[in-house]
Number of protein chains: 2
Amino acid sequence: MSRSSEPTRERIVQAANALFYSEGIRRVSVDEVAAKAGLTKRTLYYHFKSKDDLVAAYLAARDQPNLALFRKWFSETEGGVPGKVEAIFKNLARSARHPKWKGCGFLRTSAELANMPGHPAIRIGAAHKKKFEDWLRATFAEQGVKDPLKLARQILLLLDGSFAVVLLHRDASYMETAGEAARTLIETVLRKPRHRRG
Amino acid sequence: MSRSSEPTRERIVQAANALFYSEGIRRVSVDEVAAKAGLTKRTLYYHFKSKDDLVAAYLAARDQPNLALFRKWFSETEGGVPGKVEAIFKNLARSARHPKWKGCGFLRTSAELANMPGHPAIRIGAAHKKKFEDWLRATFAEQGVKDPLKLARQILLLLDGSFAVVLLHRDASYMETAGEAARTLIETVLRKPRHRRG
DNA sequence: GTATGTATACTAACCAGTGAATATACACAA
DNA sequence: TTGTGTATATTCACTGGTTAGTATACATAC
């Protein structure tokens with residue numbers, strides 16, 4: 001691990017991020033990534049042992065910032081948990097309306113690599129989603145929700161569903177619809193702590 | 001449109017269906033499809049003007065059977081609408097546990113072609129989902145649901161979300177979780193026909 | 001003998017990965 | 001201070017294979 005090579009590696013990952021996310025990993029060649037990073041393919045292969053390795057690095061670089069953004073949207077919203085979760089969807093809708101938006105990089109990669117179930121990139125994507133699921137689960141548990149894991153998974157289904165649907169229809173309003181559904185599911189559980197039929 | 005060429009074209013679409021769905025459309029070459037169909041690439045290009053054209057035909061062929069299956073699962077289930085919709089998710093979970101299952105062909109194609117928004121195949125996928133959404137909307141409308149379109153979209157978000165999540169985690173139980181969420185959303189709307197806060 | 005349909009053989013481009021050489025930096029000995 | 005070795009970092013040029021699409025010719029039917 002030399003000190004000076006870190007920026008180079010970082011630049012390659014940035015270039016890979018821009019190209020893989022916007023064009024798809026099978027559509028983009030290693031040469032294109034190298035060109036975008038301003039160096040030769042051979043140099044790229046000095047820092048990454050294969051294209052698959054580069055793809056994994058591309059997704060690994062998206063993990064942290066992505067989660068941080070969700071937590072920020074949640075925490076900066078006033079009010080209770082239902083509204084805070086709904087705010088995540090509202091913010092997502094806003095970002096999905098940007099012309100360069102192309103859905104969720106993790107989900108798109110898992111769709112592209114559906115024939116390679118154990119691929120490192122898919123594992124990184126799965127771990128990413130699990131982290132978010134677990135954060136939601138903990139949040140709901142603090143609210144005294146009876147089955148916080150189930151509720152967390154339902155919210156994630158709506159979240160990932162909205163990525164898929166909005167990418168297909170190019171209609172970001174589905175994200176707001178998903179947010180309303182999330183609010184309904186959370187409120188339903190919060191309102192019946194003991195007895196049935198509120 | 002000659003009479004005798006129909007079976008050939010059909011055989012090509014079948015081969016494309018098997019390969020594109022299982023391996024992904026960018027991974028599979030036209031030569032492979034032709035070989036699987038038992039003919040040469042040149043013959044394939046006699047029936048389809050380009051690979052994009054073939055991809056569109058592959059998805060068009062999935063449209064009808066797919067919708068028919070959903071309607072069958074719905075209609076063969078006893079009880080009310082919430083249980084009938086939940087049954088769709090249960091049946092989907094069962095099919096998702098088969099080893100050859102690779103998610104939703106329409107969504108995976110839209111993920112692979114995310115950089116080509118107007119692609120014919122994406123339009124076919126969008127139309128397919130809209131048909132299902134509209135069928136659900138009509139079904140909910142018959143039940144006197146106040147905003148049947150919104151509810152139909154929420155169910156579709158759960159449906160497509162479960163495709164994406166199960167493909168990523170390879171855990172079909174998410175589909176049953178989605179089914180429960182769908183039931184909750186439908187029952188919530190059916191139970192409050194007039195006033196707020198039950 | 002003309003429409004339809006199929007096959008052989010080809011083009012031109014692309015693509016993941018590598019061999020061999022080179023440049024740079026820095027440690028340490030003279 | 002200068003010379004030398006070594007690990008790091010980068011480039012050029014290449015290979016072997018793949019790919020979408022085509023030019024041309026041949027077959028078959030009616």
Side-chain angles (χ1 to χ4, degrees), chain A residues 1-59 109 112-116 118-122, chain B residues 1-59 109 112-116 118-122:
Chain A
M1 321 294 180
S2 86
R3 218 56 53 208
S4 67
S5 78
E6 296 299 323
T8 299
R9 195 190 147 97
E10 194 57 31
R11 227 171 59 246
I12 296 171
V13 173
Q14 296 292 331
N17 181 38
L19 289 172
F20 287 153
Y21 177 73
S22 115
E23 308 274 334
I25 60 179
R26 280 199 166 124
R27 172 63 196 271
V28 172
S29 69
V30 176
D31 292 83
E32 287 176 276
V33 176
K36 179 121 188 170
L39 35 80
T40 332
K41 177 165 61 172
R42 198 63 186 81
T43 302
L44 190 153
Y45 273 100
Y46 177 82
H47 293 276
F48 300 91
K49 73 176 207 296
S50 66
K51 183 178 181 179
D52 285 339
D53 191 27
L54 179 60
V55 172
Y58 143 63
L59 286 186
T109 301
E112 257 190 286
L113 304 183
N115 62 327
M116 315 178 74
H119 193 287
I122 293 180
Chain B
M1 319 295 179
S2 85
R3 217 57 54 208
S4 68
S5 78
E6 296 298 323
T8 300
R9 194 191 148 97
E10 194 57 31
R11 229 172 58 245
I12 296 171
V13 173
Q14 295 293 328
N17 181 39
L19 289 171
F20 286 153
Y21 177 73
S22 114
E23 309 274 334
I25 60 177
R26 280 202 165 121
R27 171 64 194 271
V28 171
S29 69
V30 177
D31 291 83
E32 287 176 275
V33 176
K36 178 122 187 169
L39 34 81
T40 51
K41 177 166 58 173
R42 197 59 188 86
T43 302
L44 190 152
Y45 272 100
Y46 177 80
H47 293 276
F48 299 91
K49 73 175 207 296
S50 66
K51 183 178 182 179
D52 285 340
D53 191 25
L54 180 59
V55 172
Y58 141 64
L59 286 185
T109 300
E112 259 190 283
L113 304 183
N115 61 328
M116 313 177 74
H119 194 287
I122 293 179

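Chain A is the first sequence line, chain B the second, and so forth, proteins listed ahead of strands; every chain is numbered from 1. Because the structure is predicted, anything quoted here is derived from the model rather than measured.
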Are B:K36 and B:V33 side-chain neighbours, meaning at least one heavy-atom pair lies under 4.5 Å?
no
Check the phosphate of D:dT11 against A:T43, side-chain N and O only, distance under 4.0 Å to OP1 or OP2. Yes or no?
yes
Side chain of A:R42, heavy atoms from C-beta onward: which of D:dT10, C:dT8, D:dC12 has the nearest atom to it?
D:dC12
Who is the Watson-Crick or G-U wobble partner of C:dA3, with both distances under 3.5 Å?
none
Could you check which nucleotide pairs with D:dA13 in any of the strands shown, counting Watson-Crick or G-U wobble with both distances under 3.5 Å?
C:dT18
Please tabulate, for the side chains in residues 18-28 of chain B, all donor-acceptor contacts under 3.5 angstrom to protein atoms that are two or more places apart in sequence or on a different chain.
from  : atom 1 : to     : atom 2 : distance (Å)
B:Y21 : OH     : B:K102 : N      : 2.7
B:Y21 : OH     : B:G103 : N      : 3.3
B:Y21 : OH     : B:G103 : O      : 2.7
B:E23 : OE1    : A:N115 : ND2    : 3.3
B:R26 : NH1    : B:E112 : O      : 2.7

Residues forming a side chain to side chain donor-acceptor pair (under 3.5 Å) with A:T43, sequence neighbours excluded
none
Interface polar pairs with nucleotides 17-20 of chain D, N/O, under 3.5 angstrom:
from   : atom 1 : to    : atom 2 : distance (Å)
D:dA20 : OP1    : B:K51 : NZ     : 2.8
D:dA20 : OP2    : B:V30 : N      : 2.9
D:dA20 : N7     : B:K41 : NZ     : 3.0

In whole angstrom, what separates B:I12's CD1 from C:dT6's C1'?
11 Å
With sequence neighbours left out, the residues meeting side chain to side chain contact (heavy atoms under 4.5 Å, CB included) with A:A37 are A:I12, A:A15, A:L39
Not counting sequence neighbours, which residues clear salt bridge (charged side-chain N to carboxylate O under 4.0 Å, His left out) with B:D31? List them please.
B:K41
With sequence neighbours excluded, residues passing salt bridge (charged side-chain N to carboxylate O under 4.0 Å, His left out) with A:D53:
none
Does D:dT10 have OP1 or OP2 sitting under 4.0 Å from an N or O in the side chain of A:H47?
yes
Nearest whole Å is fine: how far is D:dT22 P from B:K49 NZ?
11 Å
Separation of D:dA25 atom P from B:Y46 atom OH, nearest Å, is 18 Å
